[in-house]
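What follows is a single structure, written as C-alpha cells, with notes after it.
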Amino acid sequence: MYAKKFDSEFDSGKDMTHALDISKARRPLQKQRRINVDFPDWMIESLDREASRLGVTRQSIIKVWLAERLEQTASNKRSKS
C-alpha cells in the first residue's frame, strides 16, 4: 500500500491495523522495571474501588495517576523557570 492511500484511508477513519506490521514495534523510553511498594489497607481498598469504577486494574490506575502527577510536577517546574 502506498503512503497516499494509507493516509487517505486513515484520515477517513478506517481501521488501518491490517496494514501495519507491529511484530517489531518498540516503545522508546518505555523499558519497564518491577518495583515493590507497600500501601496501607485503606489505600488499596480505595484504589480497588476506583479501578473497578473505571473498569481498569489496580496497577493501571496507579500508573496513570503517577504519570499524571509527574507530568504536572514537570510542567510546574518548566513554568516557574
More than 12 non-hydrogen atoms from neighbouring residues, nucleotides or ligands closer than 6.0 Å to CZ on Phe6, yes or no?
yes
Please list all pairs meeting salt bridge (charged side-chain N to carboxylate O under 4.0 Å, His left out) that have one or both residues in residues 2-16, counting only residues at least two apart or in different chains.
Lys5-Glu9
For the hydrophobic clusters of this structure (ILVMFWY residues joined by side-chain heavy atoms under 4.5 Å, transitively), does one cluster hold both Tyr2 and Phe10?
no
Taking side chain to side chain contact (heavy atoms under 4.5 Å, CB included) as the definition, give me every residue that meets it alongside Leu70, ordered by chain and number, with sequence neighbours left out.
none
Please report the interatomic distance CG(Leu47) to CD1(Ile61), rounded to the nearest 0.5 Å.
6.5 Å
Which pairs pass salt bridge (charged side-chain N to carboxylate O under 4.0 Å, His left out) with one or both residues in residues 39-56, sequence neighbours excluded?
Asp48-Arg58, Glu50-Arg53
Listed by chain and number, what are the side chain to side chain contact (heavy atoms under 4.5 Å, CB included) partners of Thr57, not counting sequence neighbours?
Gln59, Ser60
Neighbour count above 12 (heavy atom, 6.0 Å) for Ile22 CD1
no
Could you name each residue pair satisfying salt bridge (charged side-chain N to carboxylate O under 4.0 Å, His left out) that touches residues 61-81, not counting sequence neighbours?
none
Counting only pairs under 3.5 Å, give me each side-chain donor-acceptor contact of residues 32-40, with atom names and distances, residues two or more places apart or in other chains.
none

